[in-house]
Amino acid sequence: METVFIGLGANLNDPTSQLRNALRALETLPKSHLVCSSRLYGSKPMGPQDQPDYINGVACIHTELTPEALLDALQTIELEQGRVRKDERWGPRTLDLDILLFGNEVIQTPRLTVPHYGLCDREFVVYPLLEIAPELVLPNGMKLADICTQLPLNDLTPIE
Ligand code: ROI
């Protein structure tokens, strides 16, 4: 059984509902249990600015799935909620589900980079993660709380 943190993000088609529906879908993952989730936050887009603000959050699950099987399941949820993969890099999206951390594992495959490559410099990931895992230490030994002291909030605002 591994403890896994999943980042949720959306900025199209009623993003708050997208995230709430995604959290409900996470409750139905096989061989898994949704432990908790952060509040939802409004955030400024990272990347191109000519797109709507995002809603972001982080969930914690316990799972017996392999990283690849979990990735498949998350991509299925994204597709079921109407995500269309476009070529545009860093464009708007109806739902993004990212594996941020998979226990203490470091994974580098064509499909998966864990810890998520953007984890430490995205305020919309780090602060919701800190909310549900204040004592978290990354596989490289860094404390999440120390990363937060270096990272501006950039208008990140809890919406609930
Ligand atoms: N910006 C914000 N604020 N939140 C996201 O979830 C997000 N996701 C992305 C890019 C386009 C990098 N920007 C984002 O994939």
Side-chain angles (χ1 to χ4, degrees), residues 3-27 29 34-61 63 67-68 70-102 106-134 136 138-140 142 144-145 147-160:
T3 299
V4 178
F5 292 95
I6 297 170
L8 301 90
N11 72 342
L12 294 178
N13 299 352
D14 190 356
T16 303
S17 299
Q18 296 289 348
L19 262 61
R20 294 216 169 100
N21 290 340
L23 287 168
R24 230 169 284 135
L26 291 181
E27 285 176 355
L29 284 175
L34 178 65
V35 178
C36 65
S37 55
S38 73
R39 290 174 292 176
L40 303 186
Y41 291 78
S43 66
K44 297 285 168 212
M46 168 181 235
Q49 295 296 298
D50 59 340
Q51 56 177 324
D53 285 356
Y54 279 77
I55 302 294
N56 284 105
V58 171
C60 175
I61 66 169
T63 189
E68 289 73 22
L70 177 61
L71 179 64
D72 287 339
L74 297 180
Q75 290 184 343
T76 300
I77 296 171
E78 288 177 344
L79 291 173
E80 281 171 356
Q81 287 191 214
R83 169 143 180 198
V84 180
R85 284 196 179 265
K86 302 235 176 74
D87 286 340
E88 185 194 355
R89 190 161 180 258
W90 286 14
R93 64 260 333 274
T94 47
L95 180 63
D96 222 359
L97 297 175
D98 291 327
I99 300 174
L100 303 172
L101 291 163
F102 198 98
V106 176
I107 305 167
Q108 192 66 257
T109 69
R111 286 189 74 203
L112 260 181
T113 301
V114 179
H116 189 274
Y117 68 93
L119 194 152
C120 293
D121 49 37
R122 298 183 171 190
E123 73 285 353
F124 52 86
V125 173
V126 169
Y127 286 96
L129 188 54
L130 187 76
E131 183 189 321
I132 59 173
L136 190 73
L138 303 184
N140 67 5
M142 286 181 77
L144 188 71
I147 293 168
C148 278
T149 63
Q150 311 293 325
L151 193 63
L153 274 169
N154 193 23
D155 286 342
L156 186 76
T157 315
I159 61 158
E160 51 180 11

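When a ligand or atom number is given, it counts from 1 through the structure's own listing order.
For Asn11 (side chain) and Pro52 (main-chain N/O), a donor-acceptor pair under 3.5 Å exists by modelled atom type. Distance alone, capped at 3.5 Å, is enough to place a donor-acceptor pair between the Tyr127 side chain and the Leu151 backbone. Under the 3.5 Å distance criterion, the side-chain polar atoms of Ser38 are left unmatched by any main-chain donor or acceptor of Ile132.
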N or O contacts of ligand 1 with protein under 3.5 Å, please list pair by pair.
| from | atom 1 | to | atom 2 | distance (Å) |
| --- | --- | --- | --- | --- |
| ligand 1 | 1 (N) | Met46 | N | 2.9 |
| ligand 1 | 3 (N) | Ser43 | OG | 2.8 |
| ligand 1 | 3 (N) | Lys44 | O | 2.7 |
| ligand 1 | 4 (N) | Asn56 | OD1 | 2.9 |
| ligand 1 | 6 (O) | Asn56 | ND2 | 2.8 |
| ligand 1 | 13 (N) | Met46 | O | 2.9 |
| ligand 1 | 15 (O) | Arg93 | NH1 | 3.4 |

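Note that CZ of Phe124 is 9.0 Å distant from CG of Leu156, once rounded to the nearest 0.5 Å.
Applying the salt bridge (charged side-chain N to carboxylate O under 4.0 Å, His left out) test to pairs two or more places apart or on separate chains, those with a residue in residues 109-128 are Asp72-Arg111.
Donor-acceptor pairing under 3.5 Å is lacking for the side chains of Gln81 and Asn21.
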